[in-house]
Amino acid sequence: MVQFFFRRFFHVFPAFIGVTLLTFSLIHLIPGDPVELRAGERGIDPARHAEIKAEMGLDKPLYIQYFRYISNVFKGDLGKSYVTKKPIIEEFFTLFPATLELSFCAMIFAALFGLPAGIIAGVKRGTPFDHTIMAVSLTGYSMPIFWWGLLMILFFSVFLGWTPVSGRLSALYWIEPDTGFMLIDTLMSDEPGAFKSALSHLILPSIVLGTIPLAVIARMTRSSMLEVLKEDYVRTAKAKGLSDRRVILVHALRNAMIPVITVIGLQTGVLLAGAILTETIFAWPGVGKWILESISRRDYPAIQGGILIIATLIIFVNLGVDVLYGIINPRIRYTS
Amino acid sequence: MSEITAVTQENSAPPHPLKEFWKYFSENKGAVVGLYVILIAVFLAVFADYIAPHNPFDQYRDALLQPPSWMAGGSSKFFLGTDDVGRDILSRLIYGARLSLFVGVIVVTLSLAAGIVFGVTAGYFGGIYEILIMRFMDIILALPSLLMALAIVAILGPSLQNAILSIAVVVLPHYVRLTRASILSEKNKDYVTASRVCGSGPFRMMFAVLLPNCMAPLIVQATLGFSTAILDAAALGFLGMGAQPPTPEWGAMLANALQFVQRAWWVVTFPGLAILITVLAFNLAGDGLRDALDPKMKR
């Protein structure tokens, strides 16, 4: 097991180095001179130009610049934002809980509806019920989620007036960010109604962000269920006289879940990409919206740092999924 | 007796490949519907100049935010209503089909061509070359596609061209991996050895002998690639990082829609519906193609 873990871990390392190379080259691929870019339209005199260039380390050979960059990365220094002048890592992790909270709720929503839908569709294969679930999930899979978000706002917020349009909390409340997770912070505060407000702000964005993972989970669960129901041990369980319920929920489902767990883990990337769109629509103050704003402000250190952190997170989540997969499915551990 | 022989003879002749393909493809009703929708979209895109009732850029200043024709206050002049500067939404959607399909064609062509070249050579030559290419593809895959596309657009600047280029880069790994995997599974088959014995050079081996036998999964992936391309391009347009206004691109049409959510639902609803229908059609057709082209699925 330990050996398996280390083997996977070493597989991850080149990917991480690759990502740092990518984010490092980002700054060098931008057309134009980075110093002049920073100076803006006022222009800059040659002496000051050279000074800033040396300050930014841009006068050194590329490989030295890269080693300097990567050693800073390992020290947790991703540079400072051009706009706010605050360290990138601090900016990112102040906003990250909001994105994490949203992604987590979206995933719960997706699993809560996707798993039962997939199981039922698999068990009742070929029935109108199965066809409906598959049609709905393919539609969800094809959904432009930014439009889906607008429709949800149109219907639930504007037409029915059930949920707030945007943000994380009603302006009536002020909660000191403690954990950064609004649900926990409001629950611990003594403001009555704040938790309810936070929850109502979370519902629509979670549904919107969870739609594509929901579709993917439903489809995956169905096909995995179909695969497992054909197995001999399911037939044996049936022959022993077990109830359908027990055969499906205990014998089939436990084995069918193995690939589904992997798929759920691999949705992390989808969630983070979706967060850019969802956070923009719902004015959700998370890292997705922050990255987009950094791009339109041409705040290159922020873009560079944000991409590096997100990619690293995804790499490690994938590693975690891999290891988890090895734990629940011993066959993987010993082969490959 | 003679009748029976006639029947068996007829059955023993293999059907034309296209006929056989259509037999399997048409079994999947959803796929056929998808195909028809795609054909309609292509028709609209090609003949947009003749079909669209108005010029997509013309602003009718006396008809701002006019509702669709069947609603109170709507006029038959603007079937799906007008947007905030008085442009006909229906005409913009029709011209938008042209743009979206164009994006799909270019992205799929670029990524398929590059993916085939990298995938075939990686699978055929192997060694350090293969490792380098595949690792590089893994890095691209480690980033969420939209984030990667945004990063590329951040470097190159927002425009439809750069959006196309960035999406093509983002989807590239899928084609490379798929091509390489098929090449690896075909590489050691007898017909390949036979061709090598006959003296085929590496170029001929890769592109004339091996590649045609690896096309089926690539065709499926390319069809599904259309839907990814259209969806991502629309998302970039929506975020203001793709097609720029006043281009009638479906995603860009939604970019400012949020402020009209309360007043004019039609501005919000129709462009998204167009995206959804087109993407769904390509996904349905892709699923059908997979069933029809994958020999393992044939009963």
Side-chain angles (χ1 to χ4, degrees), chain A residues 11 14-19 21-23 26-27 29-31 131 134-135 138-139 141-151 153-155 157-159 165-166 268-277 280-281 283 288 291-292 294-296 298 300 303-304 306-307 310-312 314-315 318, chain B residues 29-30 34 131 135-158 227 230-232 234-235 237-241 250-251 253-255 257-258 260-263 265 267-284 287:
Chain A
H11 209 71
F16 175 72
I17 296 295
V19 171
L21 272 171
L22 196 78
T23 49
L26 184 79
I27 214 94
L29 286 171
I30 304 160
H131 292 308
M134 282 305 100
L138 193 67
T139 312
Y141 185 68
S142 313
M143 190 63 84
I145 62 167
F146 48 97
W147 176 67
W148 184 226
L150 292 174
L151 277 195
I153 293 177
L154 187 66
F155 189 71
S157 307
V158 176
F159 185 67
V165 176
S166 64
T268 322
V270 176
L271 280 177
L272 284 169
I276 300 174
L277 294 164
T280 306
I281 300 163
I291 283 223
L292 188 70
S294 306
I295 289 174
S296 37
R298 305 194 151 256
Y300 290 109
I303 305 171
Q304 207 180 11
I307 290 175
I310 290 178
T312 312
I314 292 176
I315 290 174
N318 288 353
Chain B
K29 295 279 174 302
I131 293 173
R135 283 287 150 274
F136 185 62
M137 294 300 137
D138 284 349
I139 295 165
I140 299 182
L141 277 179
L143 285 163
S145 64
L146 187 65
L147 184 66
M148 182 76 196
L150 277 172
I152 298 173
V153 171
I155 299 169
L156 301 172
S227 61
I230 292 172
L231 210 51
D232 281 0
F238 172 76
L239 293 172
M241 300 287 166
W250 292 339
M253 284 171 76
L254 285 169
L258 192 58
F260 305 113
V261 158
Q262 318 234 9
R263 288 185 289 152
W265 59 267
V267 178
V268 182
T269 313
F270 297 122
L273 205 57
I275 303 171
L276 175 63
I277 291 172
T278 318
V279 171
L280 189 58
F282 276 105
N283 279 337
L284 282 169
D287 273 1

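Hydrogens, waters and symmetry mates are skipped; everything else that's a heavy atom, side chains included, is used. Each chain gets a letter, A, B and so on, in the order the sequences are listed, and its residues count up from 1.
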*Closest non-hydrogen atom pair, I139(B) against G18(A)*: CD1-CA, 3.2 Å
*Non-hydrogen side-chain atoms of P144(A) and L276(B) separated by less than 4.5 Å*: yes
*Where is the tightest heavy-atom contact between S142(A) and N283(B), given as atom of each residue plus distance?*
OG-ND2, 2.9 Å
*Shortest non-hydrogen contact from A154(B) to R298(A)?*
O-NH1, 4.1 Å
_Testing the basics here: between A273(A) and P144(B), what is the closest heavy-atom pair and its distance to 0.1 Å?_
CB-CB, 3.5 Å
_If the condition is ring-ring contact (aromatic ring centres under 6.0 Å, His included), which residues does F270(B) pass it with, not counting sequence neighbours?_
W265(B)
*L150(B) vs I303(A) side-chain heavy atoms within contact, under 4.5 Å*: no
*Within a strict 4.5 Å, meaning less than it, do heavy atoms of the M148(B) and I307(A) side chains meet?*
no
_Among L272(A), N318(A), T268(A), L292(A), residue most engaged with chain B (heavy-atom pairs, under 4.5 Å)_ = L292(A)
*So what's closer than 4.5 Å to chain B heavy atoms on I281(A): side chain, backbone, both or neither?*
both
*In terms of heavy-atom proximity below 4.5 Å to chain B, should T23(A) be classed as side chain, backbone, both, or neither?*
neither
*Pick one of side chain, backbone, both or neither for L273(B), based on which atoms fall under 4.5 Å of a heavy atom in chain A.*
both
*Does the side-chain contact (heavy atoms from CB on, under 4.5 Å) test come out yes or no for L138(A) and D287(B), once each step is laid out?*
CA-CA 10 Å; L138(A) 193 67; D287(B) 273 1; 4.1 Å; yes
*Mind checking whether L231(B) and Y141(A) have side chains closer than 4.5 Å, heavy atoms only?*
no
*Is there a side-chain contact between L239(B) and L277(A) (heavy atoms, below 4.5 Å)?*
yes
*Is W147(A) reaching over with its side chain to a backbone N or O of T269(B), donor-acceptor style, under 3.5 angstrom?*
yes
_Counting only non-hydrogen atoms closer than 4.5 Å, does V19(A) touch chain B with its backbone (N, CA, C, O), its side chain (CB onward), both, or neither?_
both
*Most contacts with chain B, counted as non-hydrogen pairs under 4.5 angstrom, among I291(A), V158(A), L150(A)*: L150(A)
*Could you tell me which of I314(A), L21(A), L151(A), I315(A) has the largest number of non-hydrogen atom pairs under 4.5 Å with chain B?*
I314(A)
*Does the side chain of I155(B) come within less than 4.5 Å of L26(A)'s, by heavy atoms?*
yes
*Can you tell which part of L156(B) gets under 4.5 Å to a heavy atom of chain A, answering side chain, backbone, both or neither?*
neither
*For the candidates F136(B), W250(B), F238(B), which exhibits the highest count of non-hydrogen atom pairs separated by less than 4.5 Å from chain A?*
F238(B)
*May I have all residue pairs that pass salt bridge (charged side-chain N to carboxylate O under 4.0 Å, His left out) and include part of residues 138-154 of chain B, sequence neighbours excluded?*
R135(B)-D138(B), D138(B)-R177(B)
